[in-house]
Amino acid sequence: MAEDREPRIVGFLCNWCSYAAADLAGMSRFHYPPHLCAIRVPCTGRMNPLFVMSALRRGADAVLIAGCHPGDCHYVSGNLTARRRFSVFRSLLEFAGVEEGRLNLTWISAAEGKRFASLSTQLTQRAKELGPYKGMLRKRIGV
Amino acid sequence: MRQAARRLLEENTVNLVIGYAWGTLPLRTAPFFARTPAEADRLVYNSLCENNLVKYLLRYSKEKLGLVVKGCDARSLVVLLRENQVQRDRVHIIGVPCTGVIDRRKVMELVDGQEVTGAEVTVEGIVVRGEGFEKDIKTDEVLCVSCRGCKYGTPVLYDTLVGEEVRAREENFGDIRAFEALPPSEREAYFAQEMAKCIRCYACRNVCPLCYCTECFVDSSRPQWLSRRPATADNFFFHLGRAYHLAGRCVDCGACARACPVGVDLMKLNRKLIKDAKDLFGYEAGLDPGQPSLLSTFDPNDPERFILGG
Ligand code: SF4
Ligand code: SF4
Ligand code: FES
């Protein structure tokens, strides 16, 4: 695996907002780096920390979870439960030595195409600074 | 203890008492099942009673049980009640105020790994002997890490209390604070060393009273989250997943760590989560069956300073 490869970011985007925001960013022809691979989830409340670990395990250098702003969740409170779970899980990963910044959570509404573009730029920058994830979760060939 | 168990069996309040009896090896007690008053006379209780017997409540679901529980064990029972896994009227809780459980590994360190052929419990601690040595050890020198800062030695819930209530110790997360202060690379290196030891026997999961899923994520094949091989990366995946599934539920009983045949430092992850639950949400598991679960509830004002882009 080349050291200087481009970062790989997996984005778990809520169907009702952030995923639509990504579409909007595209339709509005905003420029943003192409490193984020979007996975559509029905709600951030669907997020399972095992998804995050699997992404890191299979090659992601950073993970983004993006959902509706607090109060706007299509299922009322999926994002609020997700926020609490995320804060616990994020802290656990960092404690175990996974660098801060590999795992990210944010809110992007369907109307915020601009915000989507600027946050993915920001995140790509962050992932570049961190470099490839080579931590313990990463699957190693032949090990 | 024996008296209490005897009476429960004689009066048919319960038809089975699960407690502890001496095991076949020195320094060991083993779970013991007393069905008759005579059998109840073999029960013992001391600082070597390291299992959390609440696990058996799930397995012996048809009988009316008398169950011996320490302070932390009682809290795990409260979590099970809270999660509707057991019925309160099915169990007669024989609570024992606990002053701490001995970590056998620490005892072995103190005798430089020499073979212990006999051990005796004293008021202050234990006396261990082997070929050409005898050593007097105070319980406080060899306490499990969780017991050092245990506030709930006296069970929070019981039907019969055997013995005097004990004083709460002062909360102590010194081990976790010190670890948090290390640079990330050192923390990862430490876990790499711990994870490399794990042989994935799943004893830690199997003894935990709060690990009761019929299909554990490690056994699932669709999707298969992780490889079955005990490779360090998969072990890490397993342990992070396991610890997280116990977030806001683990009661710091330490049974998992004591069950581990290779001494993986499981309490590092567990206690980190306990500390976070306390620091971030003021939450402590297993104090009240009416208390909502930490991770299935929320507060609109939960902290979110970590949100990307503000
Ligand atoms: S008991 Fe120890 S060796 Fe067995 S799976 Fe748990 S940590 Fe690994
Ligand atoms: S994870 Fe370990 S310490 Fe926590 S409740 Fe289960 S057995 Fe006890
Ligand atoms: S529907 Fe978007 S976060 Fe719940």
Side-chain angles (χ1 to χ4, degrees), chain A residues 45 48-54 56-57 62 64-67 69-71 76-108 112 115-116 118-123 126 134-140 142-143, chain B residues 176 179-180 182-192 194-196 217 220 223-227 229 231-241 243-245 247-248 268-269 271-273 275-277 279-281 283 294-310:
Chain A
N48 180 338
L50 298 180
F51 297 169
V52 173
M53 289 201 283
S54 297
L56 289 175
R57 182 165 163 64
L64 173 70
I65 303 170
H69 287 271
V76 184
S77 58
N79 52 358
L80 298 178
T81 334
R83 178 173 68 184
R84 188 173 264 209
R85 294 180 182 173
F86 176 89
S87 61
V88 167
F89 185 63
R90 158 188 174 277
S91 171
L92 179 70
L93 276 194
E94 273 173 43
F95 180 76
V98 178
E99 306 97 315
E100 189 172 352
R102 297 254 181 228
L103 176 55
N104 305 276
L105 175 69
T106 194
W107 317 127
I108 309 173
E112 294 176 319
R115 180 169 159 91
F116 179 84
S118 84
L119 286 184
S120 38
T121 312
Q122 194 182 324
L123 185 59
R126 193 184 259 202
K134 290 193 239 147
M136 220 195 311
L137 278 171
R138 174 70 96 244
K139 191 172 198 156
R140 287 179 184 77
V143 181
Chain B
I176 303 300
F179 195 79
E180 283 168 341
L182 298 173
S185 59
E186 270 179 54
R187 277 182 267 138
E188 191 177 70
Y190 178 78
F191 279 111
E194 291 302 305
M195 294 303 124
F217 76 101
S220 151
Q224 185 179 348
W225 294 105
L226 65 165
S227 156
R229 294 167 312 166
T232 305
D234 295 288
N235 295 349
F236 192 41
F237 194 108
F238 161 52
H239 284 291
L240 288 174
Y244 175 78
H245 286 172
K268 270 276 180 323
L269 294 175
R271 285 171 55 74
K272 165 67 177 166
L273 286 161
K275 175 173 172 289
D276 275 358
D279 289 355
L280 296 170
F281 307 108
Y283 189 93
L294 175 70
L295 292 189
S296 54
T297 45
F298 60 85
D299 179 328
N301 302 316
D302 277 343
E304 62 161 28
R305 60 192 156 69
F306 43 76
I307 295 287
L308 186 68

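Chain naming here is simple, since letters A, B, ... match the order of the sequence lines and numbering starts at 1 in each. Computed from a predicted structure; not experimentally measured.
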Contact summary for A/R83 and B/P300, nearest pair of heavy atoms: NH2-O, 2.9 Å
Pairwise distance CG(A/L105) to CD1(B/I307) - rounded to 0.5 angstrom: 4.0 Å
Contact origin within B/P303 toward chain A - heavy atom pairs under 4.5 Å: backbone
Flag side-chain contact, heavy atom, 4.5 Å: A/V88 against B/F281: yes
For the student: nearest non-hydrogen atoms of B/A233 and A/R57, plus distance: CB-NH1, 3.9 Å
Geometric class of the A/F86/B/F306 ring pair [parallel <30°, tilted 30-60°, perpendicular >60°]: tilted
Pairwise distance CZ(A/R85) to OH(B/Y244) - rounded to 0.5 angstrom: 5.5 Å
Segment of B/D302 engaging chain A (4.5 angstrom heavy-atom cut-off): both
Residue part contacting chain A, namely of B/F217, when any heavy atom lies under 4.5 Å: side chain
Atom of A/M136, atom of B/T232 and distance for their closest heavy-atom approach: SD-CG2, 3.6 Å
Partner chain B: residue of A/A96, A/S118, A/G101, A/S54 with the largest heavy-atom pair count (under 4.5 Å): A/A96
Engaged part of A/L64 at the chain B interface, taking heavy atoms whose separation is under 4.5 Å: side chain
Chain A contact via B/A247 - which portion, at a heavy-atom distance below 4.5 Å: side chain
Toward chain B, the part of A/E99 with a non-hydrogen atom under 4.5 Å: neither
Close side-chain approach of A/F95 to B/I176, heavy-atom, < 4.5 Å: yes
Side chain, backbone, both or neither of B/N301 within contact of chain A (heavy atoms, under 4.5 Å): backbone
Interatomic spacing from CG in B/L273 to OG in A/S91 - rounded to 0.5 Å: 7.5 Å
Gap between atom CZ of A/R115 and atom CG of B/L308 - 0.5 Å precision: 7.5 Å
Separation of A/M53 CE from B/L240 CG (nearest 0.5 Å): 5.5 Å
Residue part contacting chain B, namely of A/L93, when any heavy atom lies under 4.5 Å: side chain
A/E94 backbone acceptor or donor facing B/R187 side chain under 3.5 Å: yes
Basic-acidic side-chain contact under 4.0 Å: B/D299, A/R84: no
Atom pair CG/CD of A/L137 and B/E188 - distance to nearest 0.5 Å: 8.0 Å
Heavy-atom pair count under 4.5 Å with chain A, highest-scoring of B/S227, B/A243, B/A192, B/A277: B/A192
